[in-house]
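Input: a single structure, listed below in C-alpha cells.
Model, not experiment: these values are computed from the prediction. Nothing fancy with the numbering, it's 1 onward along the sequence.
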Amino acid sequence: MYPKGGISDKPAGRYKLIMEMLIDSIKESGVLIPIVVRPKGKEYEILSGHRRIYACKMAGIDKVPAIIRELSRDEAVIFMVDSNLHREGLLPSEKGFAYKMKLEAMKHQGRTSDQVGQKLTSVQALADSSSDSKTQVQRYIRLTFLEKPLLDLVDEGRIALTPAVELSHLLPEEQRNLIETIESEDCTPSLSQSVRMRKLSNDGLLTMDKIFEIMTEVKGNQVEVLKIPTDRVRQYFKPNTTYRQMEDYIVKALEHYALYLKRQRNRDSR
C-alpha cells in the first residue's frame, strides 16, 4: 500500500509530459530509485518520491521500494526542501517558498540566529547550503510576499526577479490595484517603474491613479509591440516555456520562413 498522502489527484499541467515519460519508464523497468519516508504514527509520510508514487498509481503498481528515515518534523522539512531544490526547471515561486520553509525549519532547530553580531545569520546559513548567494536567497523569499497573479507573471517570465522584489514591498491592496492595471492595459512594470511605486508606497502615496499614471507612461525608447494571445501558440511549445523563449522561437521561425520565401522567389525568376 502507498504511504498516506503520497498520491496527488492530478499532476501540474507543466509536468504532464515529464509524468507521462516517468509512467512509461516505470511500466518498463519498475521503480529504480526508492522513495524516502518517515514514520508518522502508524503510517508513513513521504519525504521524497511523490511523482514516483503518482506514476506507480497510473501504471497500476501498488508497491514501491522505500527507505525509512527517522526524522523530526523540522528535519523532514529540510530534507524535502533540499530534494525539491535539486529538481530541474524549478519556478521562481517554487524556489521562494522552498527557501522560506527551510529557513523557518532551521530557526526552529536553533541552528541559526538573527541576532546582530552572531557569526552565522539564518539567511547566510541557508545560502551556504544552497547554490544561491545570500542576496539571491533573500530575493527569492521576497517573492512569497507577492499576490498570486503577480507571482504567476514572475513564473511566466513576464516580470523579472529584481522588479518583482521591489513590488513585493507594496501593500496587498496596492498590489491588487497594480494587477488590475496590468490586466486592463496589458503591460508589466519595468525595474524603474517598480522602484518608483515602492517609494510612493513607503511614503503612503501610491494610489490607483498613480499606479495607472506610471504604468501607462510613454517611455523614451518605447517601440510598437505585436500582441498574440498565448492560447494561440501555446500548443507549439513545451509546458514550461517562458514568454521570452516563445518570442525568440517565433522570431527565428519567421526568419526561416522569410528565407524560404526568398528562395521561392529566386526559383520563380529563373
Side-chain angles (χ1 to χ4, degrees), residues 4-16 18-19 35-38 40 45-54 69 71-109 111-112 114 121-172 174-176 178-179 182 188-189 194 198 239-243:
K4 184 178 179 182
I7 303 173
S8 304
D9 292 331
K10 184 178 181 182
R14 78 187 203 85
Y15 298 129
K16 186 176 179 181
I18 296 175
M19 289 306 306
I35 66 171
V36 180
V37 300
R38 74 165 182 140
K40 191 175 182 181
E45 178 184 16
I46 299 175
L47 304 181
S48 175
H50 293 83
R51 292 184 185 180
R52 276 162 279 166
I53 287 289
Y54 179 86
R69 299 282 298 271
L71 299 175
S72 67
R73 182 182 180 282
D74 290 329
E75 289 171 336
V77 169
I78 292 173
F79 182 91
M80 286 189 289
V81 168
D82 286 342
S83 298
N84 285 329
L85 286 173
H86 285 92
R87 279 167 37 200
E88 292 184 7
L90 207 62
L91 295 173
S93 64
E94 293 173 326
K95 217 168 188 181
F97 282 107
Y99 278 141
K100 188 173 185 179
M101 286 177 61
K102 184 174 180 179
L103 184 63
E104 290 303 315
M106 291 171 69
K107 288 180 180 178
H108 290 160
Q109 287 184 318
R111 289 165 51 179
T112 62
D114 284 323
T121 65
S122 299
V123 178
Q124 184 62 61
L126 178 54
D128 289 344
S129 63
S130 74
S131 60
D132 289 309
S133 66
K134 176 182 176 181
T135 299
Q136 198 73 344
V137 167
Q138 290 173 317
R139 286 173 177 163
Y140 279 118
I141 292 176
R142 279 304 314 178
L143 296 182
T144 65
F145 293 89
L146 287 172
E147 295 288 300
K148 189 177 185 306
L150 286 177
L151 192 54
D152 289 342
L153 291 176
V154 178
D155 285 341
E156 292 168 5
R158 295 182 62 190
I159 298 180
L161 179 61
T162 306
V165 170
E166 296 294 324
L167 299 176
S168 73
H169 292 275
L170 303 186
L171 298 174
E174 294 168 340
Q175 291 189 39
R176 289 191 288 271
L178 174 59
I179 293 164
I182 288 173
T188 52
S194 301
R198 178 182 176 182
N240 60 341
T241 305
T242 66
Y243 280 84

Evaluate the side-chain proximity of Pro92 to Leu151: yes if any heavy-atom separation is below 4.5 Å, no if none is.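 Side chain of Leu151 against side chain of Pro92, heavy atoms only: no contact under 4.5 Å found.
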Student check: side-chain heavy atoms of Gln175 and Leu167 closer than 4.5 Å: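 They are not in side-chain contact.
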Applying salt bridge (charged side-chain N to carboxylate O under 4.0 Å, His left out), name anything that partners [X], two or more places apart in sequence or on another chain.
{"X": "Arg198", "value": "Glu166"}
{"X": "Arg139", "value": "none"}
{"X": "Glu147", "value": "Arg176"}
{"X": "Glu174", "value": "none"}

Does the Lys NZ or Arg CZ of Arg142 fall within the cation-pi geometry relative to Phe145 - under 6.0 Å from the ring centre and within 45° of the axis?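 Yes, cation above the ring, under 6.0 Å and within 45°.
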Run the side chain to side chain donor-acceptor pair (under 3.5 Å) test against Asp132 and tell me which residues pass, sequence neighbours left out.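 With sequence neighbours excluded, Asp132 shows a side chain to side chain donor-acceptor pair (under 3.5 Å) to Lys95, Tyr99, given in chain and number order.
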Measure the [atom1]-[atom2] distance between [X] and [Y] for me, rounded to the nearest 0.5 Å.
{"X": "Thr144", "Y": "Met101", "atom1": "OG1", "atom2": "CE", "value": "12.0 Å"}
{"X": "Gln124", "Y": "Lys134", "atom1": "CD", "atom2": "NZ", "value": "5.5 Å"}
{"X": "Ser168", "Y": "Leu150", "atom1": "OG", "atom2": "CG", "value": "10.0 Å"}

Please report the shortest heavy-atom distance between Arg69 and Val36, naming the atom on each side.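 For Arg69 versus Val36, the nearest heavy atoms are CG-CG1, 3.5 Å.
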Side-chain donor-acceptor pairs under 3.5 Å in residues 153-165, sequence neighbours left out?
{"unit_1": "Asp155", "atom_1": "OD1", "unit_2": "Ser93", "atom_2": "N", "d": "3.0"}
{"unit_1": "Asp155", "atom_1": "OD1", "unit_2": "Ser93", "atom_2": "OG", "d": "3.3"}
{"unit_1": "Asp155", "atom_1": "OD2", "unit_2": "Ser93", "atom_2": "OG", "d": "2.6"}

Gln136 side-chain N/O to Ser133 backbone N/O, donor-acceptor pair under 3.5 Å: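 No: the side chain of Gln136 does not pair with the backbone of Ser133.
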